[in-house]
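Taking it in order: structure first as structure tokens, then the write-up.
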Amino acid sequence: MWHGRIRLMHEAYDVHGIQEKWLPVWDQIEPFKSGRPGDARPKKYVLDMFPYPSGDLHMGHAEAYALGDVIARYWVQKGFNVLHPIGWDSFGLPAENAAIKRGIDPRVWTYENIAVQKASMRRYACSFDWDRTLHTSDPEYYKWNQWLFLEFYEKGLAYRKDSAVNWCPNDQTVLANEQVIGGLCERCYTPVTKKKLNQWYLKITDYADRLLDDMNSLEGKWPEKVLMMQRNWIGRSHGAEVVFEIEGRAEPITVYTTRPDTLYGATFMVVAVDSALAAELAAGSKAESAFKEYLEKTKAASDIDRLATDRPKSGIFLHRHAINPVNGEKLQIWVSDYVLADYGTGAIMAVPAHDQRDLDFARAMGLPVRVVVKTEEEDAFVSGVATAGDGALINSGSLNGLTKDEAIAKIIEELAEKQLGKSAKNYRLRDWLISRQRFWGTPIPIIHCPSCGEVPVPEDQLPVELPDATGLDLKPKGSSPLGAADEWVNVPCPKCGEAAKRDADTMDTFFDSSWYFLRYTSVQFHDRAFDIEAVKTWLPVDQYVGGVTHAILHLLYSRFVTKVLHDMDYLEFEEPFTRLLNQGMVQMDGSAMSKSRGNVVRLSDELATHGVDAVRLSLVFAGPPEDDIDWADVSPSGSFKFLNRAWRISGDVTSQPGVDFKNGDIALRKVTAKSLFDISFAVESFRFNVAVARIMELVNATRKAIDTGCGGGDPAVREAAEAIALALSLVAPYTAEDMWERLGHKPAIALAGWPTIDESLLGAESVTVVLQISGKIKDRIEVPPNISAAELEKLALENDLIKREIAGAQIKKIITVAPKLVNIVI
RNA sequence: GCCCCGAUAGCCCAAUGGCAGAGGCAGAGGACUUAAAAUCCUCCCAGUGUGGGUUCGACCCCCACUCGGGGCACCA
């Protein structure tokens, strides 16, 4: 009695005990080490987006890494050599801001946080290969950032230009277009202003067509949403460039339009107020002072003001004229802020009848409107609504009577003949601005020499290391803190030896993350950024897992850098990530967790209360991975109860390891086989929640078999219990490992291999067929699964219930789907 | 304003043109226990947002709408 009681207590599912027990064992076995010499297993590269080291891991990390782990561990069980690395995206503003606030070196803050996160990840039992860790803030890593930048530079893909850039007055740094969300800084939500600066750019626009067209190969493998957002972002449009002569100017002006068919409907021209062209056209005209005043007003307006959609149109007539090339008409030239200086040529032909913006402007300024496409809609001048639809061309000379598409083709041909135009494409995408005026980033490896100009730092002098932050004022002041590090910034020119200065800006951290997936293959390789052979072995990434927040930025940049490296013959592939899974966010009570809302669920608390496995299981089981999870809807205590239930099964198995399953209870064996089959299928189609549900079913069936069926000694129960442990090892590694030991096996279960399914067990002996009359179910019968349609139909017609129903009725049709149903239509 | 995604039981979610319910949460009852916890068993609940259409048959395909979520928004 007492003995039994003590034994039971010792055998309770001790969730924290098993964590302490197995972690050191795994540290010794290292089940997830990839790329050992002579490993003959086929490869898989499973990649989780690497974290930014701000504090400890949170619920969002927990979900993402639990999902990535299911995939990685599944492929390991399936016999693949899986590369599943982790690292830290450890350069960036938060480190610097925290350092300023606390007066400590950003280095110290960063690496302390990394240590905390790393420890948490190990306890969380992520299947990472810890020998392949990298930190982008290590000189060893950013050396290759600098090398890569210089490669771009040599190929003419990195260049400097003056331009009005997005400027965050709070962070005191420039931002890429991608980092401006609705006119606000994506980090601190400060309204972004414009500032004229000389900055480094990468020529991503050279790759716009490939970035767009190659997405076709990702169709069905990446979330449709991400592909859509990227296509949108690149924003390719097709149209024509048309040349307009200008009165009193030798050079004509070229405009871009997507509707060259409406050329006869052009009634004025508009030039972007902040373009060089506008300034030149205004110079000396009687509108000059009015223009200058308007330009100043425009500059003062923030992006948010400019973005307001229902803003009234404004502009100035320059008192100059352009000539419409098709009919010789004189068109007034206006400047306005609704035309963008950096899209197309910064000048447009205005066709108010068929373009809403032009119509709004024409109505505001009292300019003429001429309809050239006859549609069913009301006259634009009267309704105030421009007609964009198709129709027959009118008032358009040789184009009259044609449809839109015909007219576009014809006018382009006519213009081309006279050298007055040609077909053209344009993109919304702009070049990637990578200079940042901050300290905690990769120094740009360029030296500015008064005689030689821009001089790349010679490769043998890389890395250009960041100076010690001690003594530097890191506070934002609009220019890089590095500029004040006198000993660092003043260097002799590598070419002529004269006194010169280093470029004091650092790189956008998105540059760091645009190639890190290559470096993981070769972290111990110090001669190059990556070992071409290792990259050939592992890349492209088979499965990428991460948040949809990076749908445009990080993924577009990574695709761009991959294509550039491909063109430099470093890579054989052109798309880095074969498949992409975007996990949803973890929320609380319907909204994102945030300190200000006070609804933050602390991961460490949940882990302490319920254990690692229960938290992981809850996150995986909560729903489809791409859906948001509301923590209020999930039950970690329920997950714990289930794990407990599963674990106890391992104690009820009384047969010995290695027993021949063939002699086991056939009914349970069939459930096990079907479950394993379904679990595989669900995991491979990212329906992890369904996979977990199938494991639960198998646990229920096994419990029943032990208690009221074949009993714990039946070999089928061992087979089922082992299947449960193996399936659970994808989600609840501690519980699974402990079960595995109790079942008499040696660690690590992660390497035990996925059970082979006896196909003969998958077929049922009989299946239920539904008998319908005119689509309504009347009866169900059991038939052999391989029954022929003719036999099934015969059985149906012999069925008593059916016979009664169809007695005296005319059978119009019989639909037989063997072995599922028979539908008799009367 | 334009585009995309979604809506199934009190709640989270399954069901890939063929029996609407796999799994879980919550709830109710019972067994075991001196008692509680744990455990085990049983039960409860919707006809798939609305209106049409295609089909022998629709949660599933098509059209229109309602609601919710997301993206884009002077890009000519």
Side-chain angles (χ1 to χ4, degrees), chain A residues 8 12-13 181-183 223-233 235-237 239 255-260 262 266 270 272 306-311 313 336-340 342-351 354-358 360-361 426-430 548 551-552 584 590 617-618 621-624 626-630 632-639 641-642 644-645 648 675 678 682 685 687 689-700 703-704 707-708 768-777 779-780 812-817 820-826:
Chain A
L8 273 176
Y13 174 62
I181 313 292
E224 195 48 47
K225 185 179 167 186
V226 173
L227 295 175
M228 190 198 76
M229 284 167 71
Q230 291 215 1
R231 289 191 175 112
N232 222 323
W233 188 261
R236 180 167 67 194
S237 74
V255 303
Y256 173 73
T257 176
T258 54
R259 292 294 303 275
T262 62
V270 187
R306 280 192 78 163
L307 282 169
T309 49
D310 47 1
R311 220 167 121 252
K313 291 279 184 285
S336 176
D337 61 3
Y338 86 91
V339 172
L340 304 177
D342 59 353
Y343 183 81
T345 60
I348 63 152
M349 65 177 212
V351 185
H354 307 295
D355 182 286
Q356 190 60 48
R357 297 152 300 182
D358 296 344
D360 293 342
F361 192 81
N426 246 310
Y427 306 88
R428 221 190 73 115
L429 182 72
R430 307 291 201 274
V548 73
I552 300 174
L617 183 76
S618 299
F621 183 55
E626 59 276 10
D627 287 6
D628 290 342
I629 294 172
D630 198 318
D633 293 332
V634 308
S635 170
S637 60
S639 298
K641 264 155 72 175
F642 163 69
N644 190 358
R645 191 170 148 82
R648 279 185 295 110
S675 297
D678 287 351
S685 42
R687 286 147 64 245
N689 54 324
V690 179
V692 171
R694 293 287 169 269
I695 304 175
M696 289 174 168
E697 267 180 291
L698 181 57
V699 168
N700 291 343
R703 180 83 260 151
K704 203 165 230 165
D707 291 348
T708 61
T768 309
V769 167
V770 179
L771 303 182
Q772 299 176 325
I773 304 284
S774 299
K776 297 219 162 53
I777 296 155
D779 201 6
R780 299 180 170 90
K812 288 189 190 138
K813 197 172 178 184
I814 301 179
I815 293 113
T816 308
V817 185
K820 285 191 169 161
L821 63 75
V822 180
N823 185 10
I824 299 161
V825 187
I826 55 173

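Chain identifiers are assigned alphabetically (A, B, ...) following the order of the sequence lines, protein sequences preceding nucleic acid strands; residue numbering begins at 1 within each chain.
Pairing for B/rU66 is with B/rA7, a Watson-Crick or G-U wobble pair whose two hydrogen-bonding atom distances lie under 3.5 Å. In this structure, B/rA37 forms no base pair with any nucleotide, since neither Watson-Crick nor G-U wobble geometry is met with both distances under 3.5 Å. Remark: B/rC2 base-pairs with B/rG71; criterion is Watson-Crick or G-U wobble with both hydrogen-bond distances under 3.5 Å. Within the shown strands, nothing qualifies as a pairing partner of B/rC45 under the Watson-Crick or G-U definition with both distances less than 3.5 Å. When both distances must be under 3.5 Å, the Watson-Crick or G-U wobble mate of B/rA76 does not exist. Using N1 to N3 plus N6-O4 or O6-N4 for Watson-Crick, or N1-O2 and O6-N3 for G-U wobble, each under 3.5 Å, B/rU54 pairs with nothing. The base-pairing partner of B/rC13, taking Watson-Crick or G-U wobble contacts with both distances under 3.5 Å, is B/rG21.
A/Ser639 and A/Ser618 share a side-chain donor-acceptor pair at under 3.5 Å. Remark: the A/Asn700 side chain and the A/Arg645 side chain contain an N/O donor-acceptor pair separated by less than 3.5 Å. Side-chain atoms of A/Tyr338 and A/Asp360 include no donor-acceptor pair closer than 3.5 Å.
Atom P of B/rC59 sits at a distance of 27 Å from the matching atom of B/rG69, rounded to the whole Å. To the nearest whole angstrom, the two C1' atoms, one in B/rA9 and one in B/rA22, are 14 Å apart. Rounded to whole Å, the separation between the P atoms of B/rG52 and B/rA14 comes to 29 Å.
Nearest nucleotide to the side chain of A/Asn689, out of B/rC13, B/rC4, B/rA22: B/rC13. Closest contact between the side chain of A/Met228 and the listed nucleotides B/rC13, B/rG70, B/rG24 involves B/rG70. Distance from the side chain of A/Tyr256 is smallest to B/rA76 among B/rC25, B/rA76, B/rU16. When distances are taken from the side chain of A/Lys225 to each of B/rC72, B/rU39, B/rG70, the shortest belongs to B/rG70. Here the nucleotide nearest the side chain of A/Asn232, chosen from B/rG23, B/rC72, B/rA76, is B/rC72.
For A/Asp355 and A/Arg259, the salt-bridge test fails: no basic side-chain N is under 4.0 Å from an acidic carboxylate O.
Every residue meeting the side-chain contact (heavy atoms from CB on, under 4.5 Å) condition with A/Thr708, not counting sequence neighbours, appears here in chain and number order: A/Lys704.
Between the CG atom of A/Asp628 and the P atom of B/rA7 there is a distance of 15 Å, given to the nearest Å.
The residue among A/Ser639 and A/Gly344 whose nearest nucleotide of RNA chain B lies closer to the 5′ end is A/Ser639.
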